[in-house]
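Structure, as structure tokens:
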Amino acid sequence: MRAILAATLLFATACGPRQVEVQSAPTQTADVAIHFTNNLTQAVNVYVASGGSDLFVRQVSANTSEHLPVQGVATGTNVTLKATTIDGARTYSRTGVTMSGTVTWRVP
């Protein structure tokens with residue numbers, strides 16, 4: 001009988017409420033950004049190409065200007081900016097861009 005009582009007490013204690021602390025990740029700030037203007041009639045996906053890989057930044061709607069913070073690219077990095085229409089039919093690029101502060105770019 002004592003064994004059953006001890007097991008029940010242990011089970012009840014193990015399944016009881018626990019205090020949990022939930023935190024979000026630290027906020028990351030971007031040192032560089034793109035002020036992008038899409039003058040096309042369809043949305044585009046904006047990328048930053050550096051070191052042989054493309055970093056997706058954001059999709060920008062048609063006839064819209066947006067400020068696009070670029071995470072993971074250090075100030076002074078030489079990159080290629082790319083914008084591809086959502087249907088994949090056209091790609092616009094700007095090579096040899098040194099990322100520093102805010103870079104202004106518009107397509108077409």
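Heavy-atom minimum distance, Val57 versus Pro69: CG1-O, 3.9 Å. Here the closest heavy-atom approach between residue His67 and residue Thr102 is recorded as CE1-OG1, 3.8 Å. Val107 approaches Ala83 most closely through the heavy-atom pair CG1-CB, 4.4 Å.
Between Thr91 atom OG1 and Asn45 atom CG the span is 10.0 Å, to the nearest 0.5 Å. For the atom pair Phe56 CZ and Thr84 OG1, the distance stands at 10.0 Å (nearest 0.5 Å). Taking CZ from Phe36 and OG1 from Thr104, the interatomic distance works out to 11.5 Å, rounded to the nearest 0.5 Å. Considering CG of Asn78 and CE of Met99, their distance stands at 10.5 Å, rounded to 0.5 Å. One finds the CG atom of Asp87 at 4.0 Å from the CD atom of Gln42 (value rounded to the nearest 0.5 Å). Note that CG of Leu40 is 8.0 Å distant from CG of Asn63, once rounded to the nearest 0.5 Å.
Looking at Val60 and Leu68, their side chains come closer than 4.5 Å, going by heavy atoms from C-beta outward. At least one side-chain heavy atom of Asn39 sits less than 4.5 Å from a side-chain heavy atom of Pro108.
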- Item | Chi angles and distances behind the side-chain contact (heavy atoms from CB on, under 4.5 Å) call for Val79, Val73 | CA-CA 9 Å; Val79 301; Val73 176; 4.2 Å; yes
- Message: For Val103 and Arg94: C-alpha separation, side-chain torsions, deciding distance, then whether side-chain contact (heavy atoms from CB on, under 4.5 Å) applies.
- Response: CA-CA 11 Å; Val103 174; Arg94 181 174 162 193; 3.9 Å; yes
- Verdict with supporting geometry, Gln59 and Val44, side-chain contact (heavy atoms from CB on, under 4.5 Å): CA-CA 6 Å; Gln59 188 174 90; Val44 295; over 6 Å; no
- Determine, stepwise, if the pair Arg58 / Val46 fulfils side-chain contact (heavy atoms from CB on, under 4.5 Å). CA-CA 6 Å; Arg58 187 181 300 166; Val46 179; 5.7 Å; no
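Other residues, nucleotides and ligands place no more than 12 heavy atoms under 6.0 Å from the CZ atom of Arg106.
The main-chain N or O of Lys82 is never found under 3.5 Å from a side-chain atom of Ser93 such that the two would form a donor-acceptor pair. Side-chain N or O atoms of Asn38 include one that pairs as donor or acceptor with a backbone N or O of Ser61 at under 3.5 Å. Side-chain atoms of Thr64 come within 3.5 Å of backbone N or O of Ala62 as a donor-acceptor pair.
Side-chain heavy atoms closer than 4.5 Å link hydrophobic residues (I, L, V, M, F, W, Y) into clusters, and following such links, even through other members, never connects Val97 to Tyr47.
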